[in-house]
Amino acid sequence: MSGPLTCSVSDLSAMLGPNATAAAEYICGQLGTVNNKFTDAAYAVDNTYLLFSAYLVFSMQIGFAMLCAGSVRAKNTMNIMLTNVLDAAAGGLFYYLFGYAFAFGGSSEGFIGRHNFALRDFPTLTSDYSFFLYQWSFAIAAAGITSGSIAERTQFVAYLIYSSFLTGFVYPVVSHWFWSPFGWASPFRSADDRLFNTGAIDFAGSGVVHMVGGIAGLWGALVEGPRRGRFEKSGRAIALRGHSASLVVLGTFLLWFGWYGFNPGSFTKILVPYETGSSYGQWSGIGRTAVTTTLAGSTAALTTLFGKRLLSGHWNVTDVCNGLLGGFAAITGGCSVVEPWAAIVCGFVAALVLIGCNKLAEIVQYDDPLEAAQLHGGCGAWGLIFVGLFAKEKYLNEVYGETPGRPYGLLMGGGGKLLGAQLVQILVVAGWVSATMGTLFFLLKRLGLLRISEKDEMAGMDMTRHGGFAYMYYDNDDESHRAIQLQRVDPGSPFPRSVTPPRV
(Lines give C-alpha, C1' and ligand atoms only; values in the text may rest on other atoms or scores of the structure.)
Protein backbone atom coordinates (compact mmCIF):
# COMPACT_ATOMS: atom_id res chain seq x y z
CA MET A 1 0.00 0.00 0.00
CA SER A 2 1.22 3.53 -0.80
CA GLY A 3 0.31 4.94 2.65
CA PRO A 4 -2.42 5.14 5.30
CA LEU A 5 -5.66 6.98 4.71
CA THR A 6 -5.80 10.26 6.66
CA CYS A 7 -8.75 12.24 8.00
CA SER A 8 -8.71 15.57 9.90
CA VAL A 9 -11.73 16.34 12.11
CA SER A 10 -11.06 20.08 12.04
CA ASP A 11 -10.84 20.23 8.25
CA LEU A 12 -13.91 18.04 7.76
CA SER A 13 -16.14 19.79 10.35
CA ALA A 14 -15.79 23.11 8.56
CA MET A 15 -17.69 21.64 5.61
CA LEU A 16 -20.49 19.86 7.48
CA GLY A 17 -22.54 22.63 9.15
CA PRO A 18 -24.60 21.84 12.35
CA ASN A 19 -23.22 19.05 14.56
CA ALA A 20 -20.16 19.21 12.35
CA THR A 21 -17.66 18.08 14.94
CA ALA A 22 -19.60 14.97 15.91
CA ALA A 23 -20.19 14.04 12.29
CA ALA A 24 -16.57 14.62 11.40
CA GLU A 25 -15.39 12.45 14.30
CA TYR A 26 -17.71 9.66 13.21
CA ILE A 27 -16.62 9.80 9.57
CA CYS A 28 -12.92 9.94 10.45
CA GLY A 29 -13.38 7.06 12.87
CA GLN A 30 -14.94 4.92 10.17
CA LEU A 31 -12.20 5.83 7.71
CA GLY A 32 -9.62 4.94 10.34
CA THR A 33 -11.23 1.52 10.80
CA VAL A 34 -11.22 0.94 7.05
CA ASN A 35 -7.57 2.03 6.86
CA ASN A 36 -6.62 -0.43 9.60
CA LYS A 37 -8.40 -3.22 7.76
CA PHE A 38 -6.46 -2.43 4.59
CA THR A 39 -3.19 -2.33 6.54
CA ASP A 40 -3.96 -5.67 8.20
CA ALA A 41 -4.85 -7.18 4.83
CA ALA A 42 -1.60 -5.93 3.32
CA TYR A 43 0.43 -7.53 6.13
CA ALA A 44 -1.51 -10.76 5.72
CA VAL A 45 -0.96 -10.88 1.96
CA ASP A 46 2.77 -10.13 2.26
CA ASN A 47 3.28 -12.72 5.01
CA THR A 48 1.31 -15.32 3.09
CA TYR A 49 3.42 -14.64 0.02
CA LEU A 50 6.61 -15.03 2.06
CA LEU A 51 5.40 -18.24 3.71
CA PHE A 52 4.50 -19.70 0.33
CA SER A 53 7.96 -18.78 -0.95
CA ALA A 54 9.52 -20.43 2.09
CA TYR A 55 7.61 -23.63 1.34
CA LEU A 56 8.89 -23.55 -2.25
CA VAL A 57 12.49 -23.08 -1.13
CA PHE A 58 12.15 -25.87 1.41
CA SER A 59 10.83 -28.15 -1.33
CA MET A 60 14.26 -27.75 -2.91
CA GLN A 61 15.53 -30.09 -0.20
CA ILE A 62 13.57 -32.86 -1.92
CA GLY A 63 15.29 -31.91 -5.14
CA PHE A 64 18.71 -31.86 -3.48
CA ALA A 65 18.09 -35.29 -1.97
CA MET A 66 17.04 -36.82 -5.30
CA LEU A 67 19.87 -35.13 -7.20
CA CYS A 68 22.46 -36.27 -4.67
CA ALA A 69 21.12 -39.81 -4.53
CA GLY A 70 21.11 -40.17 -8.30
CA SER A 71 24.62 -38.75 -8.60
CA VAL A 72 26.29 -41.26 -6.26
CA ARG A 73 26.68 -45.00 -6.60
CA ALA A 74 23.90 -47.17 -5.23
CA LYS A 75 26.02 -48.43 -2.35
CA ASN A 76 26.05 -44.91 -0.84
CA THR A 77 22.43 -43.92 -1.40
CA MET A 78 21.18 -44.21 2.18
CA ASN A 79 24.16 -42.22 3.42
CA ILE A 80 23.64 -39.25 1.13
CA MET A 81 19.87 -39.23 1.73
CA LEU A 82 20.38 -39.21 5.48
CA THR A 83 22.81 -36.30 5.25
CA ASN A 84 20.19 -34.29 3.36
CA VAL A 85 17.61 -34.96 6.06
CA LEU A 86 20.03 -33.91 8.77
CA ASP A 87 21.06 -30.76 6.92
CA ALA A 88 17.48 -29.60 7.39
CA ALA A 89 17.05 -30.94 10.94
CA ALA A 90 20.38 -29.81 12.41
CA GLY A 91 20.17 -26.59 10.45
CA GLY A 92 16.74 -25.88 11.88
CA LEU A 93 17.93 -26.15 15.46
CA PHE A 94 21.21 -24.27 15.07
CA TYR A 95 19.73 -21.52 12.92
CA TYR A 96 17.06 -21.03 15.59
CA LEU A 97 19.57 -20.93 18.45
CA PHE A 98 22.33 -18.85 16.84
CA GLY A 99 22.12 -18.43 13.09
CA TYR A 100 19.22 -16.02 12.79
CA ALA A 101 20.63 -13.76 15.52
CA PHE A 102 24.06 -13.67 13.86
CA ALA A 103 22.45 -12.91 10.50
CA PHE A 104 19.72 -10.38 11.27
CA GLY A 105 20.08 -9.35 14.92
CA GLY A 106 21.26 -5.84 15.77
CA SER A 107 24.80 -5.45 14.49
CA SER A 108 28.21 -5.21 16.10
CA GLU A 109 30.12 -2.84 13.81
CA GLY A 110 28.56 -4.40 10.73
CA PHE A 111 30.24 -7.79 11.24
CA ILE A 112 27.78 -9.97 13.13
CA GLY A 113 24.33 -9.75 14.70
CA ARG A 114 23.88 -9.94 18.45
CA HIS A 115 20.14 -10.02 19.22
CA ASN A 116 17.21 -12.46 18.89
CA PHE A 117 19.09 -15.60 19.93
CA ALA A 118 16.58 -18.46 20.05
CA LEU A 119 14.09 -15.91 18.65
CA ARG A 120 14.05 -13.99 21.90
CA ASP A 121 12.11 -10.68 21.68
CA PHE A 122 10.61 -11.84 18.41
CA PRO A 123 8.70 -10.89 16.23
CA THR A 124 10.11 -7.39 15.77
CA LEU A 125 8.73 -4.35 13.98
CA THR A 126 10.51 -5.42 10.79
CA SER A 127 10.52 -9.24 10.96
CA ASP A 128 7.95 -11.94 11.65
CA TYR A 129 8.11 -15.72 11.93
CA SER A 130 7.58 -16.09 8.20
CA PHE A 131 10.85 -14.21 7.62
CA PHE A 132 12.71 -16.55 9.98
CA LEU A 133 11.35 -19.61 8.19
CA TYR A 134 12.31 -18.20 4.82
CA GLN A 135 15.87 -17.43 5.91
CA TRP A 136 16.25 -20.87 7.50
CA SER A 137 15.34 -22.51 4.20
CA PHE A 138 18.21 -20.58 2.59
CA ALA A 139 20.68 -21.60 5.30
CA ILE A 140 20.02 -25.31 4.87
CA ALA A 141 20.33 -24.92 1.09
CA ALA A 142 23.94 -23.79 1.59
CA ALA A 143 24.63 -26.83 3.76
CA GLY A 144 23.06 -29.13 1.17
CA ILE A 145 25.43 -27.82 -1.49
CA THR A 146 28.46 -28.74 0.59
CA SER A 147 27.31 -32.30 1.25
CA GLY A 148 27.45 -33.11 -2.46
CA SER A 149 31.13 -32.21 -2.75
CA ILE A 150 32.26 -34.65 -0.07
CA ALA A 151 29.85 -37.48 -0.85
CA GLU A 152 30.79 -41.19 -0.79
CA ARG A 153 33.83 -40.90 1.51
CA THR A 154 32.97 -38.79 4.55
CA GLN A 155 32.30 -39.97 8.09
CA PHE A 156 28.79 -39.29 9.29
CA VAL A 157 29.93 -37.39 12.39
CA ALA A 158 31.80 -34.98 10.11
CA TYR A 159 28.54 -34.18 8.32
CA LEU A 160 26.87 -33.34 11.62
CA ILE A 161 29.72 -31.10 12.74
CA TYR A 162 30.22 -29.14 9.52
CA SER A 163 26.47 -28.74 8.85
CA SER A 164 25.83 -27.31 12.32
CA PHE A 165 28.84 -25.00 12.09
CA LEU A 166 27.92 -23.79 8.60
CA THR A 167 24.25 -23.05 9.30
CA GLY A 168 24.82 -21.76 12.83
CA PHE A 169 27.80 -19.47 12.23
CA VAL A 170 29.61 -19.32 8.87
CA TYR A 171 26.62 -18.71 6.60
CA PRO A 172 24.79 -16.31 8.99
CA VAL A 173 27.82 -14.01 9.21
CA VAL A 174 27.98 -13.72 5.42
CA SER A 175 24.24 -13.08 5.14
CA HIS A 176 24.60 -10.37 7.81
CA TRP A 177 27.26 -8.60 5.75
CA PHE A 178 25.21 -8.40 2.58
CA TRP A 179 21.52 -8.76 3.55
CA SER A 180 21.09 -7.20 6.96
CA PRO A 181 20.50 -3.42 6.98
CA PHE A 182 23.39 -3.28 9.48
CA GLY A 183 25.93 -5.26 7.39
CA TRP A 184 29.11 -3.44 6.38
CA ALA A 185 28.59 -4.21 2.65
CA SER A 186 24.80 -4.13 2.61
CA PRO A 187 22.97 -2.07 -0.05
CA PHE A 188 20.32 -1.35 2.61
CA ARG A 189 22.61 0.95 4.62
CA SER A 190 22.19 4.72 4.39
CA ALA A 191 23.35 6.08 1.02
CA ASP A 192 26.46 7.85 2.37
CA ASP A 193 27.59 4.77 4.32
CA ARG A 194 27.55 2.10 1.59
CA LEU A 195 30.51 0.28 0.12
CA PHE A 196 31.51 2.35 -2.93
CA ASN A 197 28.24 4.29 -2.51
CA THR A 198 26.26 1.22 -3.58
CA GLY A 199 26.85 -1.82 -1.42
CA ALA A 200 27.20 -5.28 -2.92
CA ILE A 201 24.09 -6.40 -4.84
CA ASP A 202 23.35 -10.08 -4.23
CA PHE A 203 19.58 -10.22 -4.38
CA ALA A 204 18.91 -13.91 -3.68
CA GLY A 205 22.35 -15.30 -2.95
CA SER A 206 24.77 -16.09 -5.79
CA GLY A 207 27.46 -15.26 -3.27
CA VAL A 208 25.71 -15.52 0.10
CA VAL A 209 24.27 -18.99 -0.55
CA HIS A 210 25.92 -20.56 -3.58
CA MET A 211 29.50 -19.37 -3.15
CA VAL A 212 29.40 -20.14 0.58
CA GLY A 213 28.19 -23.71 -0.02
CA GLY A 214 30.45 -24.23 -3.03
CA ILE A 215 33.66 -22.99 -1.39
CA ALA A 216 32.92 -24.95 1.77
CA GLY A 217 32.53 -28.05 -0.41
CA LEU A 218 35.73 -27.19 -2.26
CA TRP A 219 37.73 -27.24 0.94
CA GLY A 220 36.08 -30.41 2.16
CA ALA A 221 36.89 -32.26 -1.06
CA LEU A 222 40.43 -30.86 -1.21
CA VAL A 223 41.24 -31.90 2.35
CA GLU A 224 39.72 -35.35 1.92
CA GLY A 225 41.14 -36.07 -1.50
CA PRO A 226 39.41 -37.90 -4.38
CA ARG A 227 37.38 -41.07 -4.09
CA ARG A 228 39.18 -44.41 -4.54
CA GLY A 229 39.48 -45.17 -8.21
CA ARG A 230 38.57 -41.68 -9.44
CA PHE A 231 42.00 -41.09 -10.96
CA GLU A 232 44.58 -43.52 -12.27
CA LYS A 233 48.22 -43.25 -11.26
CA SER A 234 48.89 -41.69 -14.63
CA GLY A 235 46.43 -38.93 -13.76
CA ARG A 236 43.72 -40.03 -16.19
CA ALA A 237 40.22 -39.43 -14.82
CA ILE A 238 37.87 -42.39 -14.40
CA ALA A 239 34.15 -41.63 -14.40
CA LEU A 240 32.42 -42.92 -11.26
CA ARG A 241 28.93 -42.39 -12.57
CA GLY A 242 25.88 -42.03 -10.38
CA HIS A 243 23.45 -44.92 -10.36
CA SER A 244 20.23 -43.15 -11.43
CA ALA A 245 19.85 -40.53 -14.15
CA SER A 246 16.12 -40.63 -13.41
CA LEU A 247 16.65 -39.33 -9.88
CA VAL A 248 19.00 -36.65 -11.20
CA VAL A 249 16.42 -35.37 -13.69
CA LEU A 250 13.51 -35.47 -11.23
CA GLY A 251 15.61 -33.73 -8.59
CA THR A 252 16.59 -31.06 -11.11
CA PHE A 253 12.96 -30.35 -11.97
CA LEU A 254 12.11 -30.02 -8.27
CA LEU A 255 14.99 -27.59 -7.81
CA TRP A 256 13.78 -25.61 -10.82
CA PHE A 257 10.33 -25.43 -9.26
CA GLY A 258 11.74 -24.36 -5.90
CA TRP A 259 13.84 -21.64 -7.51
CA TYR A 260 10.64 -19.69 -8.14
CA GLY A 261 10.47 -19.27 -4.38
CA PHE A 262 14.21 -18.75 -4.05
CA ASN A 263 14.50 -15.81 -6.45
CA PRO A 264 11.07 -14.12 -6.74
CA GLY A 265 10.39 -14.85 -3.07
CA SER A 266 13.43 -12.81 -2.03
CA PHE A 267 11.39 -9.65 -2.49
CA THR A 268 9.66 -10.80 0.77
CA LYS A 269 6.70 -8.49 -0.02
CA ILE A 270 4.35 -8.26 -2.97
CA LEU A 271 2.00 -5.35 -2.18
CA VAL A 272 4.45 -2.54 -2.95
CA PRO A 273 3.45 -0.15 -5.75
CA TYR A 274 6.22 1.46 -7.76
CA GLU A 275 3.83 3.96 -9.35
CA THR A 276 0.75 4.89 -7.27
CA GLY A 277 -2.52 4.25 -9.03
CA SER A 278 -0.99 2.17 -11.81
CA SER A 279 -0.70 -1.53 -12.56
CA TYR A 280 3.08 -1.38 -12.14
CA GLY A 281 4.47 -2.46 -8.80
CA GLN A 282 6.54 -5.04 -6.98
CA TRP A 283 4.30 -7.73 -8.42
CA SER A 284 5.74 -6.74 -11.81
CA GLY A 285 9.29 -7.05 -10.49
CA ILE A 286 8.44 -10.48 -9.11
CA GLY A 287 7.16 -11.61 -12.48
CA ARG A 288 10.24 -10.23 -14.24
CA THR A 289 12.47 -12.05 -11.75
CA ALA A 290 10.75 -15.35 -12.52
CA VAL A 291 11.32 -14.69 -16.24
CA THR A 292 15.03 -13.88 -15.87
CA THR A 293 15.48 -16.98 -13.71
CA THR A 294 13.84 -19.16 -16.36
CA LEU A 295 15.82 -17.69 -19.26
CA ALA A 296 19.19 -17.99 -17.54
CA GLY A 297 18.65 -21.63 -16.60
CA SER A 298 17.25 -22.56 -19.99
CA THR A 299 20.10 -20.90 -21.87
CA ALA A 300 22.71 -22.57 -19.68
CA ALA A 301 21.09 -25.97 -20.21
CA LEU A 302 21.13 -25.65 -23.99
CA THR A 303 24.66 -24.26 -24.05
CA THR A 304 25.87 -27.16 -21.94
CA LEU A 305 24.01 -29.65 -24.14
CA PHE A 306 25.75 -28.58 -27.32
CA GLY A 307 29.05 -27.74 -25.64
CA LYS A 308 29.42 -31.18 -24.11
CA ARG A 309 28.26 -32.76 -27.36
CA LEU A 310 31.18 -31.11 -29.13
CA LEU A 311 33.64 -32.11 -26.39
CA SER A 312 32.52 -35.67 -25.65
CA GLY A 313 30.35 -36.72 -28.58
CA HIS A 314 27.34 -37.51 -26.36
CA TRP A 315 24.02 -35.89 -25.49
CA ASN A 316 24.42 -36.22 -21.71
CA VAL A 317 21.35 -35.57 -19.59
CA THR A 318 23.32 -35.27 -16.33
CA ASP A 319 25.55 -32.58 -17.80
CA VAL A 320 22.48 -30.70 -19.04
CA CYS A 321 20.93 -30.81 -15.57
CA ASN A 322 24.10 -29.42 -14.02
CA GLY A 323 24.27 -26.73 -16.68
CA LEU A 324 20.70 -25.71 -15.92
CA LEU A 325 21.46 -25.44 -12.22
CA GLY A 326 24.61 -23.47 -12.98
CA GLY A 327 22.53 -20.93 -14.87
CA PHE A 328 20.16 -20.63 -11.92
CA ALA A 329 23.04 -20.19 -9.46
CA ALA A 330 24.50 -17.41 -11.60
CA ILE A 331 21.30 -15.41 -12.16
CA THR A 332 20.31 -15.60 -8.48
CA GLY A 333 22.36 -12.56 -7.50
CA GLY A 334 20.97 -10.21 -10.14
CA CYS A 335 17.63 -11.75 -11.12
CA SER A 336 15.62 -8.72 -9.96
CA VAL A 337 17.79 -5.94 -11.42
CA VAL A 338 18.52 -7.05 -15.01
CA GLU A 339 16.57 -7.19 -18.25
CA PRO A 340 15.42 -10.58 -19.57
CA TRP A 341 17.84 -10.38 -22.51
CA ALA A 342 20.75 -9.98 -20.07
CA ALA A 343 19.68 -13.19 -18.31
CA ILE A 344 20.36 -15.05 -21.56
CA VAL A 345 23.92 -13.70 -21.53
CA CYS A 346 24.24 -14.77 -17.89
CA GLY A 347 23.14 -18.34 -18.61
CA PHE A 348 25.37 -18.67 -21.67
CA VAL A 349 28.51 -17.61 -19.81
CA ALA A 350 27.55 -19.67 -16.73
CA ALA A 351 27.56 -22.83 -18.87
CA LEU A 352 31.04 -22.00 -20.17
CA VAL A 353 32.24 -21.32 -16.63
CA LEU A 354 30.93 -24.69 -15.47
CA ILE A 355 32.50 -26.58 -18.37
CA GLY A 356 35.81 -24.79 -17.78
CA CYS A 357 35.78 -25.43 -14.02
CA ASN A 358 35.07 -29.13 -14.59
CA LYS A 359 37.95 -29.37 -17.03
CA LEU A 360 40.26 -27.67 -14.54
CA ALA A 361 39.07 -30.04 -11.80
CA GLU A 362 40.13 -33.04 -13.90
CA ILE A 363 43.54 -31.53 -14.59
CA VAL A 364 44.30 -30.94 -10.91
CA GLN A 365 42.64 -34.26 -9.88
CA TYR A 366 39.92 -32.62 -7.83
CA ASP A 367 36.95 -34.91 -7.17
CA ASP A 368 33.46 -33.53 -6.54
CA PRO A 369 30.72 -36.12 -7.20
CA LEU A 370 28.03 -33.48 -7.80
CA GLU A 371 30.26 -30.77 -9.31
CA ALA A 372 28.99 -28.63 -6.44
CA ALA A 373 32.07 -26.44 -5.99
CA GLN A 374 32.35 -25.82 -9.73
CA LEU A 375 28.62 -25.23 -10.17
CA HIS A 376 27.78 -23.19 -7.11
CA GLY A 377 31.17 -21.65 -6.43
CA GLY A 378 32.23 -20.92 -9.99
CA CYS A 379 28.84 -19.96 -11.42
CA GLY A 380 27.95 -18.07 -8.23
CA ALA A 381 31.10 -15.93 -8.59
CA TRP A 382 30.26 -15.24 -12.24
CA GLY A 383 26.75 -14.24 -11.16
CA LEU A 384 28.16 -11.50 -8.90
CA ILE A 385 30.37 -10.17 -11.69
CA PHE A 386 27.37 -10.27 -14.03
CA VAL A 387 25.44 -7.93 -11.70
CA GLY A 388 28.30 -5.44 -11.79
CA LEU A 389 28.12 -5.45 -15.58
CA PHE A 390 24.40 -5.57 -16.38
CA ALA A 391 22.40 -4.19 -13.42
CA LYS A 392 19.87 -1.56 -14.58
CA GLU A 393 19.57 1.72 -12.68
CA LYS A 394 15.76 1.81 -12.76
CA TYR A 395 15.42 -1.69 -11.29
CA LEU A 396 18.05 -1.02 -8.61
CA ASN A 397 16.11 2.02 -7.42
CA GLU A 398 12.83 0.09 -7.40
CA VAL A 399 14.20 -2.88 -5.48
CA TYR A 400 16.66 -1.18 -3.12
CA GLY A 401 15.08 2.27 -2.78
CA GLU A 402 15.46 5.48 -4.76
CA THR A 403 19.00 6.85 -4.51
CA PRO A 404 20.14 9.75 -6.73
CA GLY A 405 23.35 8.93 -8.55
CA ARG A 406 23.34 5.26 -7.56
CA PRO A 407 26.08 3.28 -9.36
CA TYR A 408 24.78 0.55 -11.67
CA GLY A 409 26.09 -1.90 -14.26
CA LEU A 410 29.32 -1.03 -16.05
CA LEU A 411 28.06 -2.11 -19.47
CA MET A 412 24.79 -0.22 -18.87
CA GLY A 413 26.68 3.06 -18.43
CA GLY A 414 26.80 3.11 -14.63
CA GLY A 415 30.55 3.15 -14.07
CA GLY A 416 32.74 0.65 -12.28
CA LYS A 417 31.80 1.19 -8.62
CA LEU A 418 29.16 -1.54 -8.51
CA LEU A 419 31.51 -3.99 -10.21
CA GLY A 420 34.13 -3.09 -7.60
CA ALA A 421 31.69 -3.85 -4.79
CA GLN A 422 30.86 -7.20 -6.42
CA LEU A 423 34.54 -8.13 -6.65
CA VAL A 424 34.98 -7.24 -2.98
CA GLN A 425 32.13 -9.61 -2.14
CA ILE A 426 33.74 -12.45 -4.08
CA LEU A 427 37.04 -11.95 -2.26
CA VAL A 428 35.62 -11.66 1.25
CA VAL A 429 33.23 -14.60 0.85
CA ALA A 430 36.06 -16.78 -0.47
CA GLY A 431 38.38 -15.64 2.30
CA TRP A 432 35.86 -16.03 5.13
CA VAL A 433 34.65 -19.48 4.11
CA SER A 434 38.21 -20.67 3.46
CA ALA A 435 39.37 -19.46 6.86
CA THR A 436 36.48 -21.04 8.75
CA MET A 437 35.42 -24.15 6.84
CA GLY A 438 38.91 -24.94 5.56
CA THR A 439 40.21 -24.86 9.12
CA LEU A 440 37.33 -27.02 10.32
CA PHE A 441 37.95 -29.70 7.69
CA PHE A 442 41.68 -29.75 8.48
CA LEU A 443 40.90 -30.21 12.20
CA LEU A 444 38.45 -33.01 11.46
CA LYS A 445 41.10 -34.75 9.37
CA ARG A 446 43.75 -34.42 12.09
CA LEU A 447 41.31 -35.85 14.62
CA GLY A 448 40.50 -38.79 12.35
CA LEU A 449 36.87 -37.75 12.03
CA LEU A 450 36.72 -36.84 8.35
CA ARG A 451 37.27 -39.73 5.95
CA ILE A 452 36.11 -43.33 6.22
CA SER A 453 38.48 -46.27 5.82
CA GLU A 454 39.40 -47.66 2.41
CA LYS A 455 37.60 -50.91 3.17
CA ASP A 456 34.38 -49.11 4.08
CA GLU A 457 34.63 -46.89 1.04
CA MET A 458 34.99 -49.83 -1.32
CA ALA A 459 32.13 -51.72 0.30
CA GLY A 460 29.89 -48.67 0.43
CA MET A 461 28.68 -46.73 3.44
CA ASP A 462 25.12 -48.05 3.27
CA MET A 463 26.28 -51.51 4.31
CA THR A 464 29.14 -50.56 6.60
CA ARG A 465 27.67 -47.49 8.32
CA HIS A 466 23.89 -47.60 7.93
CA GLY A 467 22.92 -51.22 8.35
CA GLY A 468 21.91 -52.19 4.83
CA PHE A 469 21.52 -51.21 1.22
CA ALA A 470 18.97 -48.74 -0.08
CA TYR A 471 18.01 -51.14 -2.88
CA MET A 472 17.49 -54.86 -2.24
CA TYR A 473 17.56 -55.83 -5.88
CA TYR A 474 19.88 -56.04 -8.84
CA ASP A 475 19.67 -56.51 -12.59
CA ASN A 476 20.41 -60.07 -13.69
CA ASP A 477 22.52 -58.84 -16.57
CA ASP A 478 24.54 -56.45 -14.41
CA GLU A 479 28.22 -57.29 -14.99
CA SER A 480 29.31 -55.53 -11.80
CA HIS A 481 26.94 -57.72 -9.78
CA ARG A 482 28.37 -60.90 -11.25
CA ALA A 483 31.86 -59.64 -10.46
CA ILE A 484 30.85 -59.06 -6.84
CA GLN A 485 29.22 -62.48 -6.65
CA LEU A 486 32.55 -64.00 -7.65
CA GLN A 487 34.25 -62.07 -4.86
CA ARG A 488 31.93 -63.66 -2.28
CA VAL A 489 33.98 -66.80 -2.32
CA ASP A 490 36.86 -64.70 -1.04
CA PRO A 491 36.91 -64.52 2.79
CA GLY A 492 38.22 -60.97 2.46
CA SER A 493 35.12 -59.79 0.62
CA PRO A 494 33.43 -56.81 2.37
CA PHE A 495 29.96 -58.33 1.80
CA PRO A 496 28.37 -60.78 4.28
CA ARG A 497 27.41 -64.06 2.61
CA SER A 498 23.79 -63.56 3.59
CA VAL A 499 23.54 -60.21 1.83
CA THR A 500 22.92 -59.70 -1.85
CA PRO A 501 25.00 -56.72 -3.00
CA PRO A 502 23.24 -53.92 -4.83
CA ARG A 503 24.11 -52.40 -8.13
CA VAL A 504 27.23 -50.28 -7.80
Side-chain angles (χ1 to χ4, degrees), residues 138 174-175 177-179 183-189 191 194-215 259 262-267 285-286 288-297 299-300 326-354 375-401 403 405-430:
F138 271 62
V174 177
S175 57
W177 293 347
F178 301 105
W179 286 349
W184 63 269
S186 171
F188 300 105
R189 294 175 74 97
R194 296 176 188 153
L195 177 66
F196 300 149
N197 298 321
T198 173
I201 302 298
D202 188 8
F203 181 71
S206 286
V208 173
V209 178
H210 294 284
M211 276 193 68
V212 168
I215 294 174
W259 235 290
F262 205 96
N263 287 1
S266 290
F267 280 91
I286 288 169
R288 184 183 64 249
T289 298
V291 170
T292 57
T293 300
T294 302
L295 291 176
T299 303
F328 288 152
I331 195 61
T332 293
C335 53
S336 65
V337 296
V338 299
E339 292 281 10
W341 64 262
I344 296 175
V345 177
C346 178
F348 178 78
V349 177
L352 301 182
V353 169
L354 179 59
L375 193 161
H376 297 278
C379 294
W382 154 243
L384 295 178
I385 295 171
F386 166 76
V387 176
L389 298 175
F390 290 96
K392 188 173 179 177
E393 182 181 20
K394 175 186 176 183
Y395 297 155
L396 283 169
N397 284 325
E398 289 173 353
V399 175
Y400 292 97
T403 301
R406 176 192 289 276
Y408 53 102
L410 176 64
L411 299 183
M412 306 298 285
K417 287 187 175 181
L418 178 57
L419 179 60
Q422 302 303 99
L423 294 175
V424 168
Q425 180 177 357
I426 292 172
L427 292 175
V428 298
V429 169

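These numbers were taken from a predicted model, which means no experiment stands behind them.
- To the nearest 0.5 Å, atoms CD1 (Ile286) and CZ (Phe267) are separated by 6.0 Å.
- The closest side-chain heavy-atom distance from Met412 to Glu393 is not below 4.5 Å.
- Contact record, Gln425 with Ala200: OE1-CB, 3.4 Å, taken as the closest heavy-atom pair.
- Remark: the backbone N or O of Ala329 is paired with a side-chain donor or acceptor of Ser206 at under 3.5 angstrom.
- With a 4.5 Å cut-off on side-chain heavy atoms, Leu410 and Leu418 do not count as touching.
- With hydrogens and angles ignored, the 3.5 Å screen pairs no side-chain donor or acceptor of Trp184 with any backbone N or O of Leu195.
- A donor-acceptor contact shorter than 3.5 Å links the side chain of Gln422 to the backbone of Ile201.
- The shortest side-chain heavy-atom distance between Val429 and Val212 falls under the 4.5 Å cut-off.
- For Gly199 against Ala421, the heavy-atom pair with the smallest separation is O-CB, 3.8 Å.
- Annotation for Gly326 and Cys379: closest pair O-CB, 3.5 Å, computed over non-hydrogen atoms.
- Minimum interatomic distance between Met211 and Ile426 (heavy atoms only, all atoms of both residues): CE-O, 3.8 Å.
- In this structure, Phe386 CZ and Ile331 CD1 are separated by 4.0 Å, a value rounded to the nearest 0.5 Å.
- Pairing each heavy atom of Leu295 with each of Ala343, the nearest pair is CB-CB, 4.2 Å.
- When atom types are taken as modelled, the side chain of Arg194 and the backbone of Pro187 share a donor-acceptor pair closer than 3.5 angstrom.
- In this structure, Thr403 and Asn197 have side chains that are not in contact, with every pair of non-hydrogen atoms separated by 4.5 Å or more.
- The distance from atom NZ of Lys417 to atom CG of Leu419, rounded to the nearest 0.5 Å, is 13.5 Å.
- Each of Phe262, Phe138, Phe328 was evaluated against His210; a single residue qualifies, Phe262, per the ring pair (Phe, Tyr, Trp, His ring centres under 6.0 Å) test.
- Using a 4.5 Å heavy-atom cutoff, the side chains of Phe178 and Val428 are in contact.
- Panel note: side chain Asp202, backbone Val208; a donor-acceptor pair is recorded below 3.5 Å.
- Atom-to-atom distance recorded for Leu389:CG and Leu411:CG is 4.5 Å, nearest 0.5 angstrom.
- Val338 has its side chain out of reach of Tyr395: every pair of non-hydrogen atoms, C-beta onward, lies at least 4.5 Å apart.
- Contact of the Trp382 side chain with the Val349 side chain is registered, since non-hydrogen atoms from C-beta on lie closer than 4.5 Å.
- The ring-ring contact (aromatic ring centres under 6.0 Å, His included) test applied to Tyr400 returns Phe188, not counting sequence neighbours.
- At distances below 3.5 Å, not a single donor-acceptor pair connects side-chain atoms of Thr299 with backbone N or O atoms of Ala296.
- Each of Val399, Asn263, Thr294, Thr332 was evaluated against Thr289; a single residue qualifies, Asn263, per the side-chain contact (heavy atoms from CB on, under 4.5 Å) test.
- Contact detail for Phe203 and Cys335: the closest heavy-atom pair is CD2-SG, 3.6 Å.
- Panel note: side chain Arg288, backbone Ser336; a donor-acceptor pair is recorded below 3.5 Å.
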